[in-house]
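A short worksheet on the structure shown next.
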Amino acid sequence: MVSFDRELPPGGPVIRGFAGKAFRIEDRIVPGGLWLTPESALDWNAPAIDSLSADDVAGLLALQPPPEFLLLGTGPTMRRPAPAFVAAVEALGFGVEPMDSRAAARAWNVLRGEDRWIVAALLPL
């Protein structure tokens, strides 16, 4: 199991590491996809990256106050989401930052440690 404990971010869920192909949020193991807001971590039945649509992340983007951007974990490897997905999310006024889900998990902790108001959708590892 990989672990990367450091100073706690300003509140909300902290990704403590990975357990095989699962995320470890606090003391909970999440084997599938994951939605993160500054206040919560929810299991997510994520679609395949190629069929991802703005509707699949609409709940995250509806957060109030609005998030700065969407951190998108694309699974075990870095994959570009479909241009239509990026265009639809950008049309709603949000940027999309894609990276593999492990890198996105680490970025989540760093950005939340800086008290950034972001959301993340992480596809399964």
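Every value quoted in this text rests on a predicted model; they were computed, and no experiment measured them.
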Query raised in the report: Do the side chains of Val110 and Arg112 get nearer than 4.5 Å, heavy atoms only?
Result: no

Query raised in the report: Can you get from Leu52 to Leu42 by hopping between Ile, Leu, Val, Met, Phe, Trp and Tyr side chains that sit under 4.5 Å apart?
Result: yes

Requested in this report: State whether the number of non-hydrogen atoms from other residues, nucleotides or ligands found under 6.0 Å of Arg80 atom CZ is greater than 12.
Outcome: no

Requested in this report: State, to 0.1 Å, how close Arg28 and Asp43 come at their nearest heavy-atom pair, and which atoms those are.
Outcome: NH1-OD1, 2.5 Å

Query raised in the report: Are Leu122 and Leu60 grouped together when hydrophobic residues (ILVMFWY) are joined by side-chain heavy atoms under 4.5 angstrom apart?
Result: no

Requested in this report: Please examine the side chains of Pro124 and Phe23, heavy atoms only from C-beta on, and report whether any two atoms are closer than 4.5 Å.
Outcome: no

Query raised in the report: Hey, what do you get for OG (Ser101) to CG (Leu72), rounding to the nearest 0.5 Å?
Result: 7.5 Å

Query raised in the report: Mind checking what makes side chain to side chain contact (heavy atoms under 4.5 Å, CB included) contact with Glu97, not counting sequence neighbours?
Result: Phe69, Leu71

Query raised in the report: Is any side-chain N of the basic residue among Asp50 and Arg79 closer than 4.0 Å to the acidic one's carboxylate O?
Result: yes

**Report entry** Heavy-atom closest contact (Gly73 atom, Ala104 atom, distance)
**Finding:** CA-CB, 3.8 Å

Query raised in the report: So if you build clusters from Ile, Leu, Val, Met, Phe, Trp, Tyr with side-chain heavy-atom gaps below 4.5 Å, do Ile25 and Trp35 land together?
Result: no

Requested in this report: Mind listing the closest non-hydrogen atom pair of Asp56 and Trp44 along with its distance?
Outcome: O-NE1, 3.7 Å

**Report entry** Any Pro76 side-chain heavy atom under 4.5 Å of Asp100 side chain
**Finding:** no

Query raised in the report: Would Leu61 and Leu63 count as a side-chain contact (heavy atoms from CB on, under 4.5 Å) if you check the C-alpha gap in whole Å, the side-chain angles of each, and the deciding distance to 0.1 Å?
Result: CA-CA 5 Å; Leu61 300 177; Leu63 184 69; over 6 Å; no

Query raised in the report: Under a single-linkage definition using a 4.5 Å side-chain heavy-atom cutoff for Ile, Leu, Val, Met, Phe, Trp and Tyr, are Leu92 and Leu70 assigned to the same hydrophobic cluster?
Result: yes

Query raised in the report: Which pair of heavy atoms, one from Leu123 and one from Ile49, lies closest together, and at what distance?
Result: CD2-N, 3.7 Å

**Report entry** Closest approach of Trp108 to Pro38 (non-hydrogen atoms, all atoms of both residues)
**Finding:** CH2-N, 3.9 Å

Query raised in the report: Same cluster for Met99 and Phe85 if Ile/Leu/Val/Met/Phe/Trp/Tyr side chains link at under 4.5 Å?
Result: no

Query raised in the report: So, for Ala88 and Ala54, which heavy atoms are closest and what is the spacing to 0.1 Å?
Result: CB-CB, 3.7 Å

Query raised in the report: Is it true that the NZ or CZ of Arg24 lies under 6.0 Å from the centre of Phe18's six-membered ring and within 45 degrees of the ring axis?
Result: no

Query raised in the report: Donor-acceptor pair, Ser40 side chain versus Thr37 backbone, under 3.5 Å?
Result: no

Report summary line: From the list Ile118, Leu111, Val119, side-chain contact (heavy atoms from CB on, under 4.5 Å) partner of Glu68 resolves to Ile118

